[in-house]
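Accompanying notes for the structure given below.
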Number of protein chains: 2
Amino acid sequence: MRVLKAMEQTNFLPNAMARNLAKNKSYLLGVMIPDVKNTVLDDLIHGINHVSELYGYNTMLSLTSGMLENELHYFNKFREIQADGIILASDYLKENLITNIKQTNIPCILVGRDRSDAIPSVHIDNITAAYEAVTYLIQQGHRKIGMLRLRNEDIASGYHRYQGYAQALTEAGITINGDWVIECGVSVEDGMMAMRKICETTDIPTAIFCATDRIAIGAINYLYERGLSVPDDISIYGFDGIDMASIIRPKLSTVKYSATEIGMTAARNLIKLIKGETITPRHWVIPHYLKNRESVRLLK
Amino acid sequence: MRVLKAMEQTNFLPNAMARNLAKNKSYLLGVMIPDVKNTVLDDLIHGINHVSELYGYNTMLSLTSGMLENELHYFNKFREIQADGIILASDYLKENLITNIKQTNIPCILVGRDRSDAIPSVHIDNITAAYEAVTYLIQQGHRKIGMLRLRNEDIASGYHRYQGYAQALTEAGITINGDWVIECGVSVEDGMMAMRKICETTDIPTAIFCATDRIAIGAINYLYERGLSVPDDISIYGFDGIDMASIIRPKLSTVKYSATEIGMTAARNLIKLIKGETITPRHWVIPHYLKNRESVRLLK
DNA sequence: CAAAGCCAGGAAAACGCTTTCCTTGATTTA
DNA sequence: TAAATCAAGGAAAGCGTTTTCCTGGCTTTG
């Protein structure tokens, strides 16, 4: 009692390392993220940090560049440092890591990768979202619809967005034109290059569905430089709802969702998991909605 | 020897907590940053992470929202967790924290705040950069030049950018029109609102120097909505050189510098400091340059 | 008033590693 | 061959906490 008071007065700071060692608990959450240079992921971090802070946890951020070897590396780092749990925002997710996670049975939540089985996850319904966006384009009278899709089939969200696109087209009785489906990196420049490829086809589509807003912004940018008008010549649809989407001209129509909310539910449930609570459901899907703005034209 | 081999085989992971406790070294770098929703800071994080990774350090990121109480809070958190050193990206920096840092004498590097005395720092020369940008505007024939400046005088970089602006004007024999200097938050929306205030003045300036690119983008956005043309009606100059600056139309003229490099030198020197090396100089200024694009018009 | 029950405070063990010290067996040298 | 040198492995102490256990003094109860 008295000794405690003395501690207060000398503004003594306990050694967290020693405490963690003794308690066998680190109050540390490992967070793996491909990149911070991405508005969506920024929001995700905010969400995660917010609730982990709330529960007295610290977060440790690792940038994986979406590469498996880095993920493996940091996974072990997190284990070494005795992280209580891990949030893994990974699109490129080989089974390798999955089994790794399972056999160490460290609490873990997957983010952004839907339809995953073994490990709890939180994500949006990419297939449905893409389906709705492309269906909207069809409703606006478009039938020649291309897609700037993510490059690697291993990228789950990218693949699902393509699936939704394909599904919407086939359902409308439209056959997919392979020339109009371009694989594309994630940067604005990648979007520009991909759009160029589309413009080089003999028959140019009237609308393009883009896998991300950054790609869409790149596409718009390229079209502008080429002297083509969006949406008069070509309509563009984005995905993610980043803030720049409402700033560029024309304002970008896009699929919007709250990455902050993804982050929050991920952190919230990871902490439950850590506490040993059983969480149900094991997969959360965060709502999305279409934000239709100016970049799509009604084709009569 | 044999026991080591056995460890390898059972893929044993050492407990970093125990190791750190025993060695009295955490290989942890605490990083305090106002916000991640800012391209500049993203680059900064990349730079820091890159070199800390190189030297075998882990980084722990804390978001302070630029608030002193949070900085104090995380500062103690970092001490508790035995961080080997701290990188503090703080604009709003009361002496309070400074003395705190000094008396605990934990290795620490300041980022983004120039002209600081006590603690080693890395930053750009905001005053000169702003001076050069505004001087460029003057050279282009502008004399009615406003500024969208950061709100709080405690925000060092914001204040210095204003100083550079003021200096350029006075040197050119132009008196500052208070109606054209608007205090402004950091978001795109803030930029829009501030620009509106400028437009409501009876005499509208021909050029606006903006404290950040995001503000500049907001300004351009507002002018577009109001039916005014950039640069025909009003010229806009930004600051930071974020990637969106070259994407929006018109392409934004701006002061560019490498935040990545800031982060890298900060981390590099923090680690030196931790190792007990004496670092000299104690303040590094990272170069900047003007990136003149389309948003400024030549006034004859 | 004595025996039983409590509570607070102190001592000791444990957490998993590093570091230091010491032993033991091997190698070198005269 | 015996003494001196060396290297490697094992034992023990220490890092700063938490947790468990124990003791001694205090309060309660019959």
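Proteins get letters first, then strands, A, B, ... in listed order; numbering begins at 1 in each.
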Inset, instruction - Write down the distance between OH (A:Y27) and P (D:dT18), rounded to a whole number of angstrom. - result: 11 Å

Inset, instruction - Take the protein atom CD of A:Q82 and the nucleotide atom P of D:dT18, then report the distance between them rounded to whole Å. - result: 17 Å

Inset, instruction - Mind jotting down which residue pairs meet the ring pair (Phe, Tyr, Trp, His ring centres under 6.0 Å) criterion with at least one end in residues 50-75 of chain B? Sequence neighbours excluded, please. - result: B:Y27-B:Y57

Inset, instruction - Would you kindly say whether A:H46 and B:D35 are connected by a side-chain donor-acceptor distance under 3.5 Å? - result: yes

Sub-3.5 Å pairs of nitrogen or oxygen atoms, protein against nucleotides 16-19 of chain C:
from   : atom 1 : to    : atom 2 : distance (Å)
C:dC17 : OP1    : B:N15 : N      : 2.8

Inset, instruction - Please say which of A:T265, A:I262, A:L270 ends up in a side chain to side chain contact (heavy atoms under 4.5 Å, CB included) with A:V111. - result: A:I262

Inset, instruction - Find the distance B:N20:CG to D:dG14:C1' and express it as a whole number of Å. - result: 16 Å

Legend entry - A:S26 and its side chain to side chain contact (heavy atoms under 4.5 Å, CB included) partner, picked from A:L28, A:N24, A:L29: A:L28

Legend entry - Minimal non-hydrogen separation, A:P14 against A:R19, with atom names: CG-NH2, 3.4 Å

